[in-house]
Amino acid sequence: MTSLVCAYGLTSLVSSFWLNPYGEFLSAAQRGIGGLALQASLFIALAITNRLLLRRFLSISRKLLVLLVGQSYLAIMSWRSCGTAFSAGALLVSLPLALLAHGELSHSDNQRATSHWRRLNYMVAALSLLSLHRNLAAFGGLIEESSGRFIQKAMMTRLDIASWVTGGSAVITTLMVYSMIEHKRRRLRLTESPWFPAVALSLSLLPSFYLALVLVARVKSFGVSTFDMGVFTQMFHSMRRTGMPLTTLERDALMSHFKVHLSPIYYAMLPVFAIFPKAETLQVLQVLVVVSGILPLWLLAKKFLPDSKSKRVFILSIYLLQPAMLGSSLYDLHENCFLAPLLLWLLYFGCERKGPGMLVFTLFTLMVKEDAGLYVITIALYLMISGANTRDEEGGKRDRNRAVAMILVSLIHFSGSVIFLSRLGDGAMVDRFKNLIIYSSMGYGGIALSVLQNPGYYLATMWTPDKLNYMLAVLSSLGFLPIFQKRVGNLVLFIPFVVMNLLSNYGYQYQLAFQYHYGSGVLLIFLVLLALGESGPGLWTAPNCPPRLKPAVSQPYNRALACAVAFAVAMGISQSYYLLKDRRYYVKNLKTNK
């Protein structure tokens with residue numbers, strides 16, 4: 001497998017020189033059957049060569065080799081690119097790979113034998129930094145258009161400066177307080193106070209209460225639109241009277257909403273709506289559904305952070321303050337809100353190895369939407385790859401079988417949903433991913449071939465200025481902790497974030513004020529939990545590190561971890577404040593009308 005992965009990386013790198021000779025990776029250039037045959041021949045030759053070399057040099061870590069090849073590919077592609085956004089996106093990915101490689105090298109028993117690999121790792125990381133600096137100096141805020149070779153002026157990022165100032169101030173304050181406590185040798189443990197959890201959670205819940213007020217005010221001040229709030233309000237009134245999700249607004253005819261999206265999870269809200277049949281009820285229910293995710297998140301935090309109550313409280317605060325969780329509700333009710341608690345429950349039962357719970361919440365998650373299987377498959381892959389729930393051979397086999405069953409059920413559900421929507425419904429909404437099609441004659445079936453042949457095109461699709469702005473907004477509000485993982489397998493949880501939010505050119509899917517971030521956002525929050533749970537001075541130090549040197553590693557590491565959490569909370573507060581601030585006029589209109 002290592003030989004094949006390395007051969008693919010090298011083949012893609014070499015191919016990029018003739019597919020995109022000028023570094024214009026958004027150009028979907030192909031070379032037909034002849035070019036594909038040449039790439040296949042090169043891949044086979046490199047795979048055989050790598051296999052022979054690996055047999056000769058058995059001491060080389062396979063994991064380290066894959067990390068270095070991936071990092072080298074990104075660094076060279078970044079150097080060849082003529083876009084600042086591409087270089088910045090490549091740096092965001094290559095730096096965590098460099099740290100993972102550093103951690104792998106630190107745990108080697110023979111430090112002298114790995115010294116040359118260490119130097120190579122530093123050189124490749126430096127090349128990524130230099131590439132970004134060069135593109136900033138050469139182009140500044142200039143980026144290439146997706147339609148051709150012309151250059152247009154645009155800001156690389158448009159994050160509000162105040163958000164970064166707030167986050168930076170929180171980091172500086174954390175450093176100062178930490179240094180003061182260490183210098184004075186005083187025990188200032190506010191987090192150990194019995195009042196700390198209640199006060200912290202109460203303050204963290206304030207944005208959710210205000211969000212509910214904004215959403216109710218949107219309805220009362222006639223600020224909602226027919227699409228989608230009008231559709232769902234009519235649908236729930238029909239469900240209340242007839243039990244059927246009928247609407248006349250969605251396609252200008254009487255039809256079931258399930259012919260557009262398969263979302264039977266809506267029936268979970270029907271009992272409350274039957275008692276309070278108002279549009280405002282649906283708005284409040286959406287917020288409550290998302291807030292309910294703190295219960296499974298707390299249980300997960302108790303599992304991964306058993307010795308730190310303060311970290312568990314901070315995880316809940318990050319969840320409640322996360323702009324991806326709050327902003328996704330701003331365009332009124334959508335079924336996606338159920339993804340946040342359901343995925344957390346699925347993760348909890350998966351990590352606890354409880355089969356009935358995994359089955360129940362797999363089925364509940366698939367009831368959210370036709371594409372919800374992507375999240376189930378991602379969690380199943382995490383449970384298989386990470387080894388988080390494998391304690392013995394028999395138990396591990398049973399867990400892997402459960403994960404495979406989750407994947408099969410999800411694939412069957414997705415296939416059946418697509419067939420149903422295409423034959424009896426309005427068709428699956430796959431047009432939002434048309435930008436991924438390079439071979440127009442092959443349709444969506446040619447995407448896999450296109451990815452294998454020209455991955456640079458898809459990287460450039462993800463790393464545009466608007467999407468980079470979105471990535472920085474989401475990751476900074478999490479202290480960039482999701483990308484710093486001890487186990488490479490954990491990174492599989494990024495799949496929905498990449499597929500749902502970055503690959504499509506449908507603008508709403510990478511804007512925080514719309515409903516496409518519940519599922520991917522909650523998996524990123526779980527990655528924060530994993531990063532905190534797997535932290536420790538042994539992460540970057542060798543096993544034979546002298547005891548006298550370990551405090552020199554653990555103290556800066558703990559300080560950096562505290563700053564990352566402070567940055568996450570500060571950025572979450574700041575960005576959520578600006579998201580809600582832009583909607584305050586609904587509340588003002590409501591007061592004026594009264």
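Computed from heavy atoms alone, side chains included, the values below leave out hydrogens, waters and symmetry copies.
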### Task
For the residue pair W345 and V360, establish whether any side-chain heavy-atom pair is separated by less than 4.5 Å.
no

### Query
Say you draw a straight line from CZ of F86 to CH2 of W463; how long is it, rounded to the nearest 0.5 Å?
5.5 Å

### Query
Ignoring hydrogens and geometry, is there a side-chain-to-backbone donor-acceptor pair from Q39 to Q453 under 3.5 Å?
yes

### Message
If you compare all heavy atoms of L330 against all heavy atoms of A513, which two are closest, and at what distance to 0.1 Å?
### Response
CB-O, 4.0 Å

### Query
Do M462 and V498 pass the side chain to side chain contact (heavy atoms under 4.5 Å, CB included) test, and can you show the C-alpha distance, the side-chain angles, and the key distance before you say yes or no?
CA-CA 8 Å; M462 291 191 295; V498 172; 3.3 Å; yes

### Task
List the steps and the verdict of ring pair (Phe, Tyr, Trp, His ring centres under 6.0 Å) for Y457 and F25.
CA-CA 5 Å; Y457 170 77; F25 299 120; over 10 Å; no

### Message
Treating S576 as the side-chain partner and L321 as the backbone partner, does any N or O pair qualify as donor plus acceptor under 3.5 Å?
### Response
yes

#### Entry: Main-chain N/O of G507 paired to R432 side chain as donor or acceptor, under 3.5 Å
no

### Summary
Of all heavy-atom pairs linking Q509 and S504, the shortest is NE2-CB, 3.9 Å

### Task
Give a yes or no answer on whether the side chain of K467 reaches the backbone of Y510 with a donor-acceptor pair at less than 3.5 Å.
no

### Task
Could you tell me which non-hydrogen atom of P341 sits nearest to which non-hydrogen atom of S292, and how far apart they are?
CB-OG, 3.7 Å

### Check: N336 side chain, V368 main-chain N or O, donor-acceptor pair, under 3.5 Å
no

### Message
Let's go through H334 and Y518 carefully: what are the C-alpha distance in whole Å and the side-chain angles of both, what is the deciding distance for ring pair (Phe, Tyr, Trp, His ring centres under 6.0 Å) to 0.1 Å, and is it a yes or a no?
### Response
CA-CA 10 Å; H334 285 88; Y518 291 112; 8.7 Å; no

### Query
Taking all atoms of both residues into account, what is the closest heavy-atom pair of K486 and L100, and its distance?
O-CD2, 3.9 Å

### Query
So, T362 side chain and M358 main chain: donor-acceptor pair closer than 3.5 Å or not?
yes

### Query
Are Y506 and Q511 close enough that some pair of their side-chain heavy atoms sits under 4.5 Å apart?
no

#### Entry: Backbone of A90 reached by a side-chain donor or acceptor of S94 within 3.5 Å
yes

### Message
If you count every heavy atom of other residues, nucleotides or ligands that lies below 6.0 Å from Y470 atom OH, does the total exceed 12?
### Response
yes

### Task
Indicate the atoms forming the closest heavy-atom contact of L282 with M229, along with that distance.
CB-CE, 4.0 Å

## Note on the structure
Interatomic distance, CZ@F258 vs CD@E370, rounded to 0.5 Å, equals 11.0 Å

### Message
Is it the case that the ring center of F364 lies less than 6.0 angstrom away from the ring center of F338?
### Response
no

### Message
Just verifying a value: how many Å separate L99 CG and F484 CZ, rounded to the nearest 0.5 Å?
### Response
5.5 Å

### Query
If we ignore angles and hydrogens, is there a donor and acceptor under 3.5 Å between the side chains of Q322 and S477?
yes

### Task
Rounded to the nearest 0.5 Å, what's the gap from OG1 on T464 to CE on M471? Could you check?
10.0 Å

### Message
For Y267, I'd like to know if atom OH has over 12 heavy atoms of other residues, nucleotides or ligands within 6.0 Å.
### Response
yes

### Query
Is there side-chain contact between Y266 and M235, with at least one heavy-atom pair below 4.5 Å?
yes

### CG on D228 to NE2 on H257, rounded to 0.5 Å
8.0 Å

### Task
Mind listing the closest non-hydrogen atom pair of S329 and V290 along with its distance?
OG-CG2, 4.5 Å

### Task
Answer yes if the ring centres of F514 and Y331 are under 6.0 angstrom apart, and no otherwise.
yes

### Task
With rounding to the nearest 0.5 Å, note down the distance linking OG in S417 to NE2 in H261.
12.0 Å

### Task
May I ask you to decide if G230's main-chain N or O and T233's side chain share a donor-acceptor pair within less than 3.5 Å?
no

#### Entry: Sub-4.5 Å side-chain heavy-atom contact between F497 and V474
yes

#### Entry: Minimum side-chain heavy-atom gap P207-L320 below 4.5 Å
no

### Message
Counting neighbours of OH on Y508 that are heavy atoms of other residues, nucleotides or ligands and sit closer than 6.0 Å, is the number greater than 12?
### Response
no

### Task
Take S520 and F494 through the test side chain to side chain contact (heavy atoms under 4.5 Å, CB included) and record every step on the way to the result.
CA-CA 7 Å; S520 56; F494 269 95; over 6 Å; no

### Student check: side-chain heavy atoms of M77 and Y73 closer than 4.5 Å
yes

#### Entry: Side chain Q283, main chain L215, donor-acceptor under 3.5 Å
yes

### Query
Side chain of K259, backbone of D426: donor and acceptor closer than 3.5 Å?
no

### Message
Are the side chains of L530 and L493 in contact, using a 4.5 Å heavy-atom criterion?
### Response
yes

